[in-house]
Amino acid sequence: MTAQSHDIFAALRDRAVAALRALLPDLPEEALARVQMEPPREAAHGDMATNAALVAGKAARQPPPRLAAALAERLAALPEVAEAAPAGPGFVNLRLREDVLRAQIPVILAAGEAYGDSAAGGGRRVNVEYVSANPTGPMHVGHCRGAVVGDALANLLAKAGWAVTKEYYVNDAGAQVQALGYAAYWRYLQALGTTMTEEEYAQLIPGGLQYRGDYLVPVGAALRERFGDSLAVPDPAHRYGMAGPDHWLAPVREFAVARMMEAIREDLAALGVVQDVFVSEAQLIREGMLERAEALLAAKGLIYRGVLEPPKGKTPEDWEPREQTLFRATQFGDEVDRPLRKSDGSGTYFANDIANHLGKIERGFDALVHVWGADHGGYVRRMRAAVAALSDGRVSFDVVLTQIVHVVKGGQPVRMSKRAGTYVTLRDLIEEVGRDAVRFTMLTRKADAQMEFDLDKVVEQSRDNPVFYVQYAHARCRSVLRQAGDPAPAALAAAPLHHLADPAELTLLRRLCAWPRLVEAAAAAREPHRIAFFLHDLAADFHVLWNRGRDDSTLRFIRGDEPEATRARLALVAATATVIRSGLAVMGVTPVEEMR
RNA sequence: GCGCCCGUAGCUCAGCUGGAUAGAGCACGCGCCUUCUAAGCGUGUGGUCGCAGGUUCGAAUCCUGCCGGGCGCGCCA
């Protein structure tokens, strides 16, 4: 059985398309491609509805209602279908034979967490780049959302049949990293026992002292251990003073970057994020990738020397027209052409990132996906233009933008001040509420919506807390199965499933059947948050069923007097637990066996 | 000034790339919870989908113009 056939919606869609072809042999393919089979909003409409007659009616110039009636007649004859009826402006509503739904339970149990895996990606290669925080300090909550969204999105694409590479682009070449070098050097001087004050030191260096957080103190100590006092000069006034930067800046910078990346990797690992590839901006430059990218664009006639117009309405005070090396981004949908070289001849950030993307393209990816903070939204078009230019439009380029997260505790916003070094680190957050709560909660909003992260709420054990609600459903499933002696999935798959006939049981079952379809839709839209909402709905269906057993003991999962019905229900419970685990795996959240 | 994102119930948000009578949680109203699986359950009220046009069988969804909020706007990354 192929992964595709796990999706009964896709299967019935194919049936509808076939029926449509039989009715209207001349129908163009693009009309057929628009045929959908989806769960209806109203349960009363049945199990599935298709718009086939609506989209075909237009192409064939026939009234959709009449076409719907003819289509319904054909679909009603299918073995899977109990009832098919035209409805509304031209829908066909289908009610499936309940056995078709029940037959998914053995499929789910056999597939395990792989249920919902799809072939939609066709094994194409996608590069998902996320986090990519500057290696200038520890991860804080601002990075966290991108990390979780990117990781879940990568998992989702993998589940949808893509060959995924998880990537981190290390910005280790720019001015920020230079500033890190100066800041680390300050901690080094301190480790040597200098009596210079921080302000005195700040006066000595270009741009002032930027990274004052004490996370660099251990780096200073490590530098001393590694280099002794060889990178400083004896100074009668302060015991040790600053040597000429040529002497020490490069090694200190590299040392500090390495330490920061080590810390970042540890923080990411604590969040359950492990990336496959770390691309160094500095190394790309050393390898001449920038020149190669530039030459490639030049060969296509996409680079020229020119002067840009000042931005309308907001001319910078120090604006003066300058001739620059420009990339013809406007040929690929951007508003203006973009500069590639700074006046000192080095590449702009954009140019370096073009080199980064050329690297990806050369590594053979079919699709490039990024997760960026919303403040980088203005950068999307030019990068898409560059990728289109470099790959001649062969490689797709998508960006998921994430909005800011406001951390709240006790109803009060938790302030972050990077300059003072007193921000909430990712590590703090994980220690406070746990990795699973962090990951789940970060996916309970659309990525581009602002989000409030309430430290009290995410650990609350109540229905209001989706993390708890979903975990509780899984724990309840496991509790039932343990009580029943943990029967093997294969044994449950053979259960007499016709005992599953209660409306609440069938509602839950329908939800389970919708999982493969949801995976494909969420992956296509690059929206991992849909998994969280699906699991919440699934958990609700399960809790409803559980609660009904309280009012009506004949609906309890385990009934001593009805061993056959019990086996059927255990199969349903096991399938539910399986789908929850399948979804949590995409989110990177560990399912719990019991609530404590 | 220009570009991008957003505007859905009192609040926080979904809405499956154009489908049928727009959903969920909280809050609020009512009922239930001494014994079963209650870190509660059920049920109800609540909407001019920012405004105004347009596209079509059909619009919260697409287009145009306003209003309001966020982000960005030549050598920061």
Electrostatic pair [X]:[Y] at N-O distance under 4.0 angstrom:
X	Y	value
Glu527(A)	Arg530(A)	yes
Arg445(A)	Glu452(A)	no
Asp7(A)	Arg13(A)	no
Lys159(A)	Asp117(A)	yes
Arg384(A)	Asp334(A)	no

Regarding [X], tell me which of base, sugar-phosphate or nothing describes its non-hydrogen contacts under 4.0 Å with the strands shown.
X	value
Tyr349(A)	base
Gln450(A)	sugar-phosphate
Pro339(A)	sugar-phosphate
Ala522(A)	nothing
Leu54(A)	base
Asp537(A)	nothing
Arg530(A)	sugar-phosphate
Ala521(A)	sugar-phosphate
Ala540(A)	nothing
Phe534(A)	nothing

Does [N] pair with anything, Watson-Crick or G-U wobble, both distances under 3.5 Å, and if so, with which nucleotide?
N	value
C49(B)	none
C2(B)	G72(B)
U17(B)	none
C32(B)	G40(B)
G7(B)	C67(B)
U12(B)	A24(B)
C62(B)	G54(B)

Taking for each residue the nucleotide of RNA chain B with the nearest heavy atom, is it Ser553(A) or Gly377(A) whose nucleotide lies nearer the 5' end?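 It is Gly377(A) whose nearest nucleotide is closer to the 5' end.
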Whichever of Val544(A) and Arg341(A) has its nearest RNA chain B nucleotide further upstream toward 5':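 The answer here is Val544(A).
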Side chain of [X]: nearest nucleotide among [options]?
X	options	result
Ala87(A)	A20(B), A39(B), C57(B)	A20(B)
Glu335(A)	G15(B), A14(B), G3(B)	G3(B)
Arg550(A)	A38(B), A20(B), U17(B)	A38(B)
Asp375(A)	C71(B), G15(B), A77(B)	C71(B)
Gln176(A)	G74(B), A77(B), G15(B)	A77(B)
Arg445(A)	C13(B), G40(B), G15(B)	C13(B)
Ala175(A)	A14(B), U37(B), A77(B)	A77(B)
Asn171(A)	A77(B), A38(B), G74(B)	A77(B)
Arg517(A)	A77(B), A20(B), C16(B)	C16(B)
Asn134(A)	A24(B), G74(B), A77(B)	A77(B)

List the protein contact pattern of nucleotides 5-11 of chain B with one symbol per nucleotide (5' to 3'): B for base contact, S for sugar-phosphate-only contact, - for none; contact means a heavy-atom distance under 4.0 Å. SS-----
Below the 4.0 Å mark, does [N] have OP1 or OP2 next to a side-chain nitrogen or oxygen of [X]?
X	N	value
Arg381(A)	C4(B)	yes
Lys342(A)	A77(B)	yes
Arg556(A)	U37(B)	yes
Tyr472(A)	A39(B)	yes
His529(A)	G15(B)	yes

Between [Y] and [X], do the side chains contain a donor N or O and an acceptor N or O under 3.5 Å apart?
X	Y	value
Thr441(A)	Lys457(A)	no
Ser280(A)	Asp172(A)	yes
Gln324(A)	Arg305(A)	no
His543(A)	Arg476(A)	yes

Rounded to the nearest 0.5 Å, how far apart are CG of Asp14(A) and CG of Leu32(A)?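 If we round to the nearest 0.5 Å, Asp14(A):CG and Leu32(A):CG are 11.0 Å apart.
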Distance in Å, Leu290(A) CG paired with Ile354(A) CD1, rounded so as to fall on 0.5 Å steps: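 Nearest 0.5 Å value for the CG-CD1 distance: 8.5 Å.
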Atom [atom1] of [X] and atom [atom2] of [N]: how far apart are they, to the nearest Å?
X	N	atom1	atom2	answer
Glu38(A)	U17(B)	CD	C1'	11 Å
Glu527(A)	A14(B)	CD	P	9 Å
Glu452(A)	C13(B)	CD	P	8 Å
Arg338(A)	C2(B)	CZ	C1'	11 Å
Met37(A)	A20(B)	CE	P	16 Å
Leu308(A)	C73(B)	CG	C1'	12 Å
Asp344(A)	G74(B)	CG	P	18 Å
Phe557(A)	C36(B)	CZ	C1'	14 Å

Hey, which of Tyr469(A), Tyr472(A), Phe557(A) is the one that makes ring pair (Phe, Tyr, Trp, His ring centres under 6.0 Å) with Phe542(A)?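 The residue from Tyr469(A), Tyr472(A), Phe557(A) that satisfies ring pair (Phe, Tyr, Trp, His ring centres under 6.0 Å) with Phe542(A) turns out to be Phe557(A).
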Distance check, [atom1] atoms only: [N] and [M], in whole angstrom units.
N	M	atom1	answer
C6(B)	C62(B)	P	8 Å
G19(B)	A9(B)	C1'	23 Å
U48(B)	C11(B)	P	12 Å
G1(B)	C63(B)	C1'	23 Å
G10(B)	U55(B)	C1'	35 Å

Any donor-acceptor pair, under 3.5 Å, between the side chain of Asn547(A) and the base of A38(B), if you only look at N and O atoms?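 There is none.
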